[in-house]
Amino acid sequence: MRAVSSDLPFLDEMTRGLAAFGLSCFRPGQAQVVSAVLAGRNTVVVMPTGAGKSLCYQLPATLLDGVTVVVSPLIALMQDQVEGLTARGIPATFINSSLSESERLDRQRKLRAGEYKLVYVAPERFRSEAFVSALTEARVALYAIDEAHCISQWGHDFRPDYALLGQVRKRLRPPRTVALTATATPEVREDIARVLLMKDPNVFVAGFDRPNLFLEVMSVTGEDDKRRASVELAAEGSGIIYCSTRKQAEGLHQGLTTQKVDAVLYHAGMTDDARREAQEAFMARDGAVAVATNAFGMGIDKPGIRFVAHAGIPRAVEAYYQEIGRAGRDGQPAHAVLFFNHADVFTQERLIQSNHPAEPLLRDVWSVLRQEPTFLRGVNQLAAQVGSSEFEVSAALKVLEREGCLSRGARGEGRYGVTVLPGSAAHHPRSPEVKALWTALLAMFPVGVRGTTDLPTLGRRTGLDEERLRAGLSSLERAGSITVTRPFAGRAIQVLRDDPWDALGVDLEKVRAQERTQLLLLRRMTEYAYTKRCRRGFLLRYFGEDSAADQRCAGCDVCAGQRTRIPAKATGSAGTATLGKRALPTQYSALAVEALKRFRRELSQDLGVPPFIIFNDATMYGLAAALPTTRGEFLRVKGTGEGGWEKFGAQVTQICLMARAAGDVAQPMAEVREKRRARR
């Protein structure tokens, strides 16, 4: 691969084209990329979030003769960009699963006729032969792939549909291709070029150094430390706190609101309306703090975000950098903090493993689905039938869907139960949309008799989209005109094959390989947390931008010292002794302590982490005092948890059984010290 040339032969034309976007000048790096695209060069672009990647294909699209096809996995982002373009008089559209069949056909007809300059599509749209045929008849001037890291098995967000885009490019034969991503290591960039069949493309990598963003990793012992540190951070202004799980997000959100922090909650388990309200509140209120899972952030462009914190370690450096990039987009000082406890690494490892199901679970899920080829009762019911978690069953469904064994519909589809209530004709709906829905329901259902319908049927009768139909049903329900029984909130599952498991030919080695890759990416993120070198330099080296990677900076805790402090909490109580700041039990087994220290030291050498990461001194002495021999006893010791039990429970209980068998049970500290002196 070669670097993009600094020669800009199209500079005057490009600069004039900026006016269509309400701009007068380029951001750093944009002009070089746009010039390369206009020159017909295949280009890989790596620019961080907020650097203006979209202009790198939108501007060429307005200057080239033909249509630009933009591949994006994010339906909401497609809609936002199309609205922005059409508002500026640039003919653009999207074609995705949110459209009705008639709308898709109409837009494909206009695509063939050359009525659009930009067409946004999801990668799975290329499964449709009718759509690909429409593209081949249109004159494609530019093939643009956004979020291009999804192409690579080495990427943090690999998506199988992206792996087919190279074959799509081969069929379309566009005169130029541009692949764009906010996060790609050198090996991911090589993978993007290889999969897209791009020979010796220009590669542009820049903008990863964010001097206004202070990088910090803070060691914490548990959720209480994270909560107290988050309260301190909230004093800096508006921010985002990313959590690993919905449960963690809900707990932290509750903790912040009790401390009078203006916090909103956002995760994928909330309803569409609740998520939209949370996002709007965050965008509207200057000092609002969003407590969210990584479902939050795509399309968020709030310039005044002063901090981004992570209450759990992300799965990859790429994801981490993309998320912290949402802070300080106004160029003012901002703060990125990772609350780090190695136990969170174990949590992420378990999530990765659960997301790559073993063969027995896949067999069980397939067996249930074969008996009920159209499954309309939700993932929770399917999980109950196979005796597994919803998370693991969802992962199994993704594997089976990728392998072409099943398909899943959109969220919330299914049939609604509706009863028109007696006397409700007196209720007069005001808006035209609600009136149209009310008229349709009266025509469909006798008063007082429960009937069923679905949104597509109501849409055909009323001309309303699904969002307006849901809102209309809720409005009529609140008015007392109808009662509504809604379908399950999940997705319909349709079995596409009737073969037994052994005849499916599911490639489980792919699943295992992806699991190994994700564990490796997590290990690299862990190395960032432990690094003793400049954190800014770590990120620059990681993304292949080495120019300033070895210089000390004033913008990270390693070079400039810790900035965030956790408010002190009283420690120690009656009946305890202290070692430094840690409260220790007054009675414990000396034999167990020695054995636990040895086990901890050897394991830390094997894992390459400090001994206290396995468990700290307070936890070790607590184990030596309680001498647990069962899971329940182990979990009652402060500082253990499910992760500790899964990783170390067997060895720890063996040590405790040995101490009990030797008669070396918990003793007063004075006696322990006396025994130590005697041994010396």
Carboxylate-amine/guanidinium proximity below 4.0 Å for [X] and [Y]:
X      : Y      : answer
Arg541 : Glu527 : no
Glu223 : Lys226 : yes
Arg600 : Asp617 : yes

Within the distance-only criterion (no hydrogens, no angle test), does the side chain of [X] pair as donor or acceptor with the backbone N or O of [Y] below 3.5 angstrom?
X      : Y      : value
Asn212 : Gly328 : yes
Arg533 : Val558 : no
Arg228 : Ile566 : no
Gln30  : Phe26  : no
Gln248 : Ala311 : yes
Arg536 : Cys553 : no
Arg210 : Ala327 : yes
Glu147 : Pro73  : no
Ser388 : Val393 : no

Quick one about [Y] and [X] (side-chain donor to acceptor, distance below 3.5 Å, no hydrogens or angles considered), yes or no?
X      : Y      : value
Thr347 : Asp344 : no
Glu515 : Gln353 : no
Glu392 : Ser389 : yes
Thr181 : His149 : yes

Minimum side-chain heavy-atom gap [X]-[Y] below 4.5 Å:
X      : Y      : value
Thr564 : His335 : yes
Gln348 : Thr526 : no
Leu338 : Pro314 : yes
Val231 : Leu256 : yes
Arg276 : Glu467 : yes
Leu213 : Leu215 : yes
Phe340 : Val345 : yes
Arg27  : Leu55  : no

Can you tell me how far apart [atom1] ([X]) and [atom2] ([Y]) are? Round to the nearest 0.5 Å.
X      : Y      : atom1 : atom2 : result
Met283 : Ile305 : CE    : CD1   : 7.5 Å
Leu596 : Met620 : CG    : CE    : 7.0 Å
His310 : Ser244 : NE2   : OG    : 8.5 Å
Met525 : Leu520 : CE    : CG    : 14.0 Å
Ile240 : Ile324 : CD1   : CD1   : 11.5 Å
Thr630 : Leu635 : OG1   : CG    : 8.5 Å

One pair to check against side chain to side chain contact (heavy atoms under 4.5 Å, CB included): Leu519 and Glu349. What are the steps and the verdict? CA-CA 7 Å; Leu519 289 170; Glu349 286 176 350; 4.1 Å; yes
For [X] and [Y], which heavy atoms make the closest approach, and how far apart are they?
X      : Y      : value
Ala281 : Ala288 : O-CB, 4.2 Å
Thr185 : Phe543 : N-CD2, 4.3 Å
Val637 : Ala626 : CG2-CB, 3.9 Å
Val291 : Cys243 : CG1-SG, 3.9 Å
Val379 : Ser394 : CG1-OG, 3.6 Å
Ser230 : Phe339 : OG-CE1, 3.5 Å

Check whether the ring centres of Tyr528 and Tyr542 lie less than 6.0 Å apart, and answer yes or no.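 No; Tyr542 has its ring centre 6.0 Å or more from that of Tyr528.
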May I ask you to check whether Tyr320 and Tyr242 place their ring centers less than 6.0 Å from one another? no
Before giving the answer on side chain to side chain contact (heavy atoms under 4.5 Å, CB included), spell out for His253 and His267 the whole-Å C-alpha distance, their side-chain angles and the decisive distance to 0.1 Å. CA-CA 11 Å; His253 174 257; His267 61 65; over 6 Å; no
Crowded around [X] [atom1]? As in, over 12 foreign heavy atoms under 6.0 Å?
X      : atom1 : result
Gln562 : CD    : yes
Arg468 : CZ    : no
Arg523 : CZ    : no

Kindly assign one of parallel, tilted or perpendicular to the pair Phe648 and Phe346, based on the angle between their ring planes and the thresholds 30° and 60°. perpendicular
Begin with the C-alpha distance, continue with both residues' side-chain angles, and end with the deciding distance and a verdict on side chain to side chain contact (heavy atoms under 4.5 Å, CB included) for Phe307 and Val289. CA-CA 9 Å; Phe307 73 89; Val289 175; 4.1 Å; yes
I need the single residue from Arg535, Arg565, Arg563, Lys532 that forms a salt bridge (Lys or Arg N to Asp or Glu O under 4.0 Å) with Asp557. Which is it? Arg535
Show your working on ring-ring contact (aromatic ring centres under 6.0 Å, His included) between Phe296 and Phe282 and close with a plain yes or no. CA-CA 11 Å; Phe296 182 79; Phe282 175 74; 5.5 Å; yes
Is there a side chain to side chain contact (heavy atoms under 4.5 Å, CB included) between Arg246 and Met270? Walk through the geometry before answering. CA-CA 10 Å; Arg246 298 174 190 178; Met270 297 163 58; over 6 Å; no
Suppose the criterion is salt bridge (Lys or Arg N to Asp or Glu O under 4.0 Å): which pairs have a residue in residues 229-239, not counting sequence neighbours?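 Residue pairs with at least one partner in residues 229-239: there are none.
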